[in-house]
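The structure under discussion appears below in the form of structure tokens.
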Protein chains: 2
Amino acid sequence: MRLSTKGRYGVKAMVDLALHSGGEQPVPLKDIADRQEISEHYLEQLIAGLRKAGLVKSVRGAQGGYLLAQAPDAIVVGDIIRTLEGTIAPADCVAEGAPVNCERADNCVTRILWEKIHDSINSVVNSITLQDMVNEYKRLNGQESM
Amino acid sequence: MRLSTKGRYGVKAMVDLALHSGGEQPVPLKDIADRQEISEHYLEQLIAGLRKAGLVKSVRGAQGGYLLAQAPDAIVVGDIIRTLEGTIAPADCVAEGAPVNCERADNCVTRILWEKIHDSINSVVNSITLQDMVNEYKRLNGQESM
DNA sequence: GAAAATCCCAAGTGATTTAGTCGGATTTGG
DNA sequence: CCAAATCCGACTAAATCACTTGGGATTTTC
């Protein structure tokens, strides 16, 4: 049940973006990678996914970088994790877009269990916004910069 | 965030055991494997882990098989999943026996997120017993056998 | 208009995990 | 003794993970 680095780095990167794109200036990937200690090239792949999903915008060329595509309180961590990890489901039969190919789905006791786990995870990640993470960060670290 | 087949098959097998070891007669692995459509040899590996963890007992020789080591209402599905999958944690830094090797653990915002996810999953799997699963099964499937 | 900064894209790779298979040894009831 | 069963350890094909490599395209600064 571990998240891969995709989801973990993705959340870190997005929180970093929320903290550092004050106003409208794009944040270069290198800065995020350096601060979060993530391989720049690898992070590039991850953020490409986030861009395609409409969670970040990019500005090309020198002085370019990335920006959140929406306000921090409009992005929940579930959006990030689902984009990078695929659906957040303990078993395929309870994945969001999954065809119910399990013929005994209606009377499967384990399915009910997977649904409960699925729902509990999703209720957490869908209720926490990037703004919440930023607030938490500021509470923990005072006024200092990240 | 998917569970592997280890955890999924393990829970299925344990529910099967709870349903079929009425009284004290051991259930042969082959029966469980057939009913649950799991490779017998593979299930053998999984149940070996459950035996070492003290969740099932075995009876060797002809007419042998497996039994729950405790009453169905004393075994929670979290026990099974943790035994077979290792700790149920979205990130290593919030795993139960993990040394906190992350030096910024105290002021890490993502860690707080992983903890919330971890806690929510564990509160589900630690609150559902095998007896609950059996009751659910009987409710869904009437008095028929599995 | 050249150089630098930056994003964009696709393919390759070593290590690990997954989901088993295979072959046999041991124990026990009939 | 033999068939039914657990026990045990090694092997493996395929997938996934966590990157790396190697370019190209676009924009800004000088």
Side-chain angles (χ1 to χ4, degrees), chain A residues 1-13 17 20-21 24-34 36-69 81 84-87 90-92, chain B residues 1-13 17 20-21 24-69 81 84-87 89-92:
Chain A
M1 290 293 285
R2 268 178 72 236
L3 237 43
S4 72
T5 54
K6 289 180 195 166
R8 299 205 310 277
Y9 290 176
V11 171
K12 276 174 193 273
L17 256 186
H20 293 95
S21 71
E24 279 297 310
Q25 55 199 340
V27 182
L29 193 67
K30 185 172 192 321
D31 293 4
I32 304 175
D34 285 350
Q36 304 303 323
E37 296 174 30
I38 300 171
S39 147
E40 192 180 337
H41 268 295
Y42 186 43
L43 185 55
E44 197 181 322
Q45 292 176 31
L46 306 186
I47 212 160
L50 296 171
R51 186 175 53 82
K52 280 167 194 153
L55 295 174
V56 302
K57 291 180 298 187
S58 63
V59 178
R60 299 188 72 168
Q63 262 56 46
Y66 293 94
L67 295 160
L68 293 182
I81 296 175
L84 295 172
E85 301 263 343
T87 179
D92 291 340
Chain B
M1 291 294 284
R2 268 178 70 238
L3 238 42
S4 73
T5 55
K6 288 180 195 165
R8 299 206 309 276
Y9 291 177
V11 171
K12 276 174 193 272
L17 256 186
H20 292 94
S21 71
E24 279 297 310
Q25 55 198 340
V27 181
L29 193 68
K30 185 174 192 320
D31 294 4
I32 304 174
D34 285 351
R35 276 189 298 260
Q36 304 302 323
E37 296 175 30
I38 301 170
S39 148
E40 191 180 339
H41 268 294
Y42 186 43
L43 185 54
E44 195 181 321
Q45 291 177 31
L46 306 186
I47 212 159
L50 296 172
R51 186 174 53 82
K52 281 167 193 153
L55 294 174
V56 301
K57 291 180 298 188
S58 63
V59 178
R60 298 189 71 169
Q63 263 57 44
Y66 294 92
L67 295 160
L68 294 182
I81 296 175
L84 294 172
E85 301 263 343
T87 180
D92 290 341

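Labels below follow one simple rule: chain letters A, B, ... track the order of the sequence lines, proteins then strands, and each chain is numbered from 1. This is a predicted model, so every value here is computed, not measured.
Contact annotation: B/Lys6 side-chain N/O to C/dT18 OP1/OP2 distance is under 4.0 Å. Within the structure, every side-chain polar atom (N or O) of B/Ser58 is placed at least 4.0 Å from both OP1 and OP2 of D/dA5. Between A/Arg51 and the phosphate of C/dC9, there is a side-chain N or O to OP1/OP2 separation shorter than 4.0 Å. Look at A/Ser39 and you won't find any side-chain N or O under 4.0 angstrom from OP1 or OP2 of D/dC19. Contact between the side-chain N/O atoms of A/Thr5 and the OP1/OP2 oxygens of D/dA18 is found at a separation under 4.0 Å.
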- Task: Quick one: do A/Glu37 and A/Lys12 satisfy side-chain contact (heavy atoms from CB on, under 4.5 Å)? Show the steps, please.
- Result: CA-CA 10 Å; A/Glu37 296 174 30; A/Lys12 276 174 193 273; over 6 Å; no

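Going from atom CD of A/Gln25 over to atom C1' of C/dC7 covers 18 Å, rounded to whole Å. Atom CD of A/Gln36 is separated from atom P of D/dC19 by 14 Å (rounded to the nearest Å). Atom CD1 of A/Ile47 and atom P of C/dC9 are 13 Å apart (whole Å). Atom OH in B/Tyr9 sits roughly 9 Å away from atom C1' in C/dG20 (whole-Å rounding). Between the CG atom of B/Leu43 and the P atom of D/dA5 there is a distance of 15 Å, rounded to whole Å. Rounded to whole Å, the distance from CZ on A/Arg8 to P on D/dC17 is 11 Å. For the pair B/Glu40 CD and C/dT21 P, the interatomic distance rounds to 11 Å; values are reported in whole Å. The separation between B/Tyr42 atom OH and D/dT12 atom P is 18 Å, rounded to whole Å.
The side chain to side chain donor-acceptor pair (under 3.5 Å) search around B/Thr87 returns B/Glu96, not counting sequence neighbours. Not a single side chain to side chain donor-acceptor pair (under 3.5 Å) links B/Ser39 to another residue, sequence neighbours left out. Under the side chain to side chain donor-acceptor pair (under 3.5 Å) criterion, A/Asp31 pairs with no residue at all, not counting sequence neighbours.
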For residues 41-59 of chain B, which side-chain N or O atoms pair as donor and acceptor with protein atoms under 3.5 Å away, sequence neighbours left out?
| residue | atom | partner | partner atom | Å |
| --- | --- | --- | --- | --- |
| B/Tyr42 | OH | B/Thr5 | OG1 | 3.0 |

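Rounding to the nearest 0.5 Å gives a distance of 5.0 Å between CG of A/Leu29 and CD of A/Glu40. Taken to the nearest 0.5 Å, the NZ atom of B/Lys6 stands 13.5 Å off from the CD1 atom of B/Ile81.
Considering only heavy atoms from C-beta on, A/Ile38 stays 4.5 Å or farther from A/Ile32 through its side chain.
Out of D/dA18, D/dT20, C/dT21, the shortest distance to the side chain of A/Ser4 is found at D/dA18.
Taking every heavy atom of both residues into account, A/Leu3 and A/Arg8 meet most closely at O-NH1, 2.8 Å. Taking each heavy atom of B/His20 and B/Arg35 in turn, the nearest pair found is CE1-NE, 3.3 Å.
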Nucleotides 26-30 of chain D: which of its N/O atoms have a protein N/O under 3.5 Å away?
| residue | atom | partner | partner atom | Å |
| --- | --- | --- | --- | --- |
| D/dT27 | O2 | A/Ala62 | N | 3.3 |

Might you list the N or O atoms of the protein lying below 3.5 Å from N or O atoms in nucleotides 10-12 of chain C, with each pair's distance?
none

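At the heavy-atom level, A/Leu29 lies under 4.0 Å from the strands shown only through sugar-phosphate atoms.
Residue-to-nucleotide contacts include a donor-acceptor pair under 3.5 Å from the side chain of B/Glu44 to the base of D/dC7.
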